[in-house]
Amino acid sequence: MSYKVLYLTVVICTVCCVGKAEWFSSMEQITDLLRHENTMLPALQRFVDAKTKQLAQLQDLVNTLRDVSDKVSMNKEEYISHPINQYHLIKRFAKDWTQIATLLQTFNKTSFKFIQKFEKATTVFPKDEDIKGGTEGILRVQTTYNLNASDLVEGNIAGRYSFLNLSTDDCYQIAKTALRGGLFDRCVEWIKLALQRFEEGKSTFTKGNATEYLDICEFAISKNETKYMNHLDADPENTRILGNRIYFGRYARVQMQEVVNDKFYTFFVDETFFKLCRGEQTPTKEKHRKKLRCYLSTNMGNPKLLLRPVKVEELSKSPDIVRFHDVLSDTEINEIKKLAKPQLFRAIHAGSDGEDLQTAPYRITKLAWLFDNDGPDVAKLTERISDITGLTLNTSEELQVANYGVGGEYPPHFDIPTTDEERYDLSDQSQDGERIATFLIYLSDVEVGGRTAFVNAGVSAEPIKGSAVFWYNLYPSGEPDLRTYHGACPVAFGNKWASNKWIREAGEMFHRKCELDRYADNKIC
């Protein structure tokens with residue numbers, strides 16, 4: 001085997017190891033795509049040079065990819081942090097590289113080994129579903145942070161610009177995704193941009209298609225049939241417009257949400273959550289900010305904290321939510337991420353029957369679970385959490401490590417069941433009880449977005465590398481604290497890593513005593 005073929009074989013074997021990747025759901029695996037592209041492109045170029053006369057069409061594609069690759073090499077970290085760059089990276093694999101694979105199939109038998117290896121790699125290239133995941137990510141960022149589509153087209157997110165702008169076809173696809181996900185106002189915004197930028201012969205859609213989608217989205221917003229009737233008068237033979245009018249008219253009279261097809265991802269919309277994600281606070285919480293304080297704590301004189309007290313920042317007094325600063329060093333964080341990366345898998349949840357595990361469409365992230373015996377830094381972290389909180393952690397869960405994808409988020413939720421029927425029976429000694437507390441650690445900074453928003457409490461925490469946010473999910477009486485309803489805000493610019501340590505009830509009764517008052521408040525430190 002020649003050096004050229006061997007070189008490409010190593011690269012392709014690396015790609016093939018990831019299996020069904022769902023590339024859009026983890027920034028770290030999107031980074032892998034960038035590395036694969038930077039190694040596969042030179043190998044392919046050497047092959048193309050040997051076949052120049054036969055591969056004129058392929059060479060054109062390579063030149064296009066090289067223009068992007070040259071720009072990326074100047075600042076890889078900035079490139080991979082931008083959601084639109086992430087989208088274009090996925091799109092290049094799903095479209096351009098796939099087209100290259102198709103062209104390679106026509107080569108003669110002398111290239112058989114090269115083609116065979118390349119075709120094997122195409123089985124795990126991003127597909128159209130990954131492009132769809134990318135468009136959903138762009139829409140999540142836009143909706144949460146109230147961004148203009150015209151800025152996003154130019155690659156502008158809070159003054160950070162992508163290397164490539166969005167094309168007219170991209171605008172059209174994002175509009176379709178918005179329609180299918182129930183974001184009808186965003187659909188109108190994107191389809192109007194597609195129509196403004198439309199060029200006959202260069203766009204993959206027709207002006208008629210775009211106009212029809214615009215009518216559908218506007219109709220969905222207004223529930224007004226006038227525009228459809230006008231179009232139908234002008235073109236009475238257009239059965240597609242007639243069908244859409246009847247379909248949307250019928251469902252608009254029942255419930256507008258039913259316009260959204262169950263097959264598609266439906267976007268989460270909560271204005272309070274969005275405001276908290278943008279760093280805004282409710283007026284009530286703004287008044288109480290002056291009462292919040294920062295202090296050093298030894299957790300009742302814990303000997304391990306006497307020389308190095310933990311830095312505590314109060315985020316909320318009702319409920320009691322605090323941030324502990326400098327919980328982990330950069331070295332410890334890098335080791336935990338190194339252990340987690342090979343184990344990352346798409347976030348899942350229990351199915352409707354409560355048994356089968358399914359991919360969670362509302363969690364755009366990949367996870368890994370680390371045990372204390374996976375490495376000394378994991379075990380030391382568990383011990384450190386116990387020292388800081390005063391809880392034993394004897395029945396705590398393993399450390400969950402998460403890496404978020406394109407516009408990665410986790411909509412608001414509770415870490416505990418909120419009804420008696422769902423809760424654990426502590427009289428059953430085989431059970432560890434509910435998640436009494438959550439210790440959320442940020443393993444990276446995030447330049448724009450990525451906050452943890454406590455919707456009912458009216459506060460949010462920005463990601464600060466090495467810090468941890470801590471709160472109790474239960475009142476001291478054991479009742480669920482509904483004020484802890486929280487969610488992970490979409491990442492607008494950056495690469496978010498976080499980890500959770502959930503502490504269970506069993507074994508903590510002497511460390512967090514029960515109060516007679518059912519709703520006696522939690523006190524931390």
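Position 1 is the first residue of the sequence, and the numbers go up from there.
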Return the set of residues passing salt bridge (Lys or Arg N to Asp or Glu O under 4.0 Å) with Asp185 (not counting sequence neighbours), or none when no residue passes. none
Using salt bridge (Lys or Arg N to Asp or Glu O under 4.0 Å) as the criterion, list what pairs up with Glu397, not counting sequence neighbours.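 Here the qualifying residues are Arg435, Arg504.
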After noting the C-alpha distance and the side-chain angles of Asp60 and Thr64, does the key distance pass the side chain to side chain contact (heavy atoms under 4.5 Å, CB included) rule? CA-CA 6 Å; Asp60 289 340; Thr64 301; 5.7 Å; no
Mind checking the [atom1]-[atom2] spacing from [X] to [Y]? Nearest 0.5 Å is all I need.
X	Y	atom1	atom2	answer
Leu61	Arg66	CG	CZ	13.0 Å
Leu276	Glu271	CG	CD	11.0 Å
Lys465	Ile441	NZ	CD1	13.5 Å
Trp97	Gln99	CH2	CD	12.0 Å
Thr143	Glu136	OG1	CD	11.5 Å
Glu313	Leu315	CD	CG	5.0 Å

No-hydrogen, no-angle side-chain donor-acceptor test under 3.5 Å, [X] and [Y]:
X	Y	result
Tyr442	Thr452	yes
Trp502	Glu398	no
Thr144	Arg278	no
Thr484	Asp481	no

Check: [X] side chain, [Y] main-chain N or O, donor-acceptor pair, under 3.5 Å:
X	Y	value
Arg140	Val406	yes
His88	Asn165	yes
Asn75	Glu78	yes
Ser203	Phe205	no
Thr123	Glu119	no
Gln142	Leu147	yes
Asn148	Ser150	no
Ser444	Ala498	no

Check whether any side-chain heavy atom of [X] sits under 4.5 Å from a side-chain heavy atom of [Y], and report yes or no.
X	Y	value
Pro463	Asp445	no
Met40	Glu37	no
Trp369	Gln343	no
Glu218	Ile221	no
Arg92	Val68	yes
Gln45	Gln59	yes
Ile174	Leu166	yes
Ile131	Asp128	yes

Of all the heavy-atom pairs spanning [X] and [Y], show the shortest one and how long it is.
X	Y	value
Trp497	Ala340	CZ3-CB, 4.4 Å
Leu399	Lys501	N-NZ, 3.9 Å
Ala461	Arg323	CB-NH2, 3.7 Å
Ala488	Lys496	CB-NZ, 3.8 Å
Ile80	Gln86	O-NE2, 2.9 Å
Leu482	Asn456	O-ND2, 2.8 Å

Between His413 and Tyr485 (judged by ring centroids, cut-off 6.0 Å), do the two rings come close enough to count as a pair?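 No, the ring centres sit 6.0 Å or more apart.
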Determine, using ring centers only, whether Phe470 and Tyr472 are less than 6.0 Å apart.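 That pair passes the under 6.0 Å test.
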Partner residues of Ser69 under the side-chain contact (heavy atoms from CB on, under 4.5 Å) criterion, sequence neighbours left out: Asn38, Leu41
Of all residues at least two apart in sequence or in a different chain, which pass the side-chain contact (heavy atoms from CB on, under 4.5 Å) check with Ala402? Thr365, Leu367, Tyr404
Hey, can you tell me if [X] and [Y] have their rings parallel, tilted or perpendicular (30° and 60° cut-offs)?
X	Y	answer
Phe125	Phe118	perpendicular
Phe454	Trp471	perpendicular
Phe268	Phe274	perpendicular

Taking NZ, NE, NH1 and NH2 as the nitrogens, is one of them in [X] or [Y] under 4.0 Å from a carboxylate oxygen of the other?
X	Y	answer
Lys202	Asp169	no
Lys341	Asp32	yes
Lys91	Asp170	yes
Glu129	Lys132	no

Applying side-chain hydrogen bond (donor to acceptor under 3.5 Å, both in side chains), run through Asn495 and Asn403 and close with a yes or a no. CA-CA 8 Å; Asn495 186 0; Asn403 180 232; 2.9 Å; yes
Any chance you could lay out the side chain to side chain contact (heavy atoms under 4.5 Å, CB included) test for Thr177 and Arg180, step after step, and finish with the verdict? CA-CA 5 Å; Thr177 302; Arg180 291 164 176 169; 5.8 Å; no
Does the pair Cys489 and Phe273 meet the rule for a side chain to side chain contact (heavy atoms under 4.5 Å, CB included), with working shown? CA-CA 8 Å; Cys489 301; Phe273 177 65; 4.0 Å; yes
Residue pair Ile84, Phe163: steps toward the side chain to side chain contact (heavy atoms under 4.5 Å, CB included) verdict: CA-CA 9 Å; Ile84 291 177; Phe163 287 3; over 6 Å; no
Test applied, ring pair (Phe, Tyr, Trp, His ring centres under 6.0 Å); reference residue, His82; option that passes from Phe493, Tyr161, Tyr87: Phe493
What pairs meet the disulfide (SG to SG under 2.5 Å) rule with one or both residues in residues 181-215, with sequence neighbours excluded?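 Those involving residues 181-215 are Cys187-Cys217.
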Would you say that more than 12 heavy atoms from the other residues, nucleotides or ligands in this model lie under 6.0 Å from the NZ of Lys337, or not?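 Result for NZ/Lys337: enclosed.
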Using disulfide bond (SG atoms under 2.5 Å apart) as the criterion, list what pairs up with Cys171, not counting sequence neighbours. none
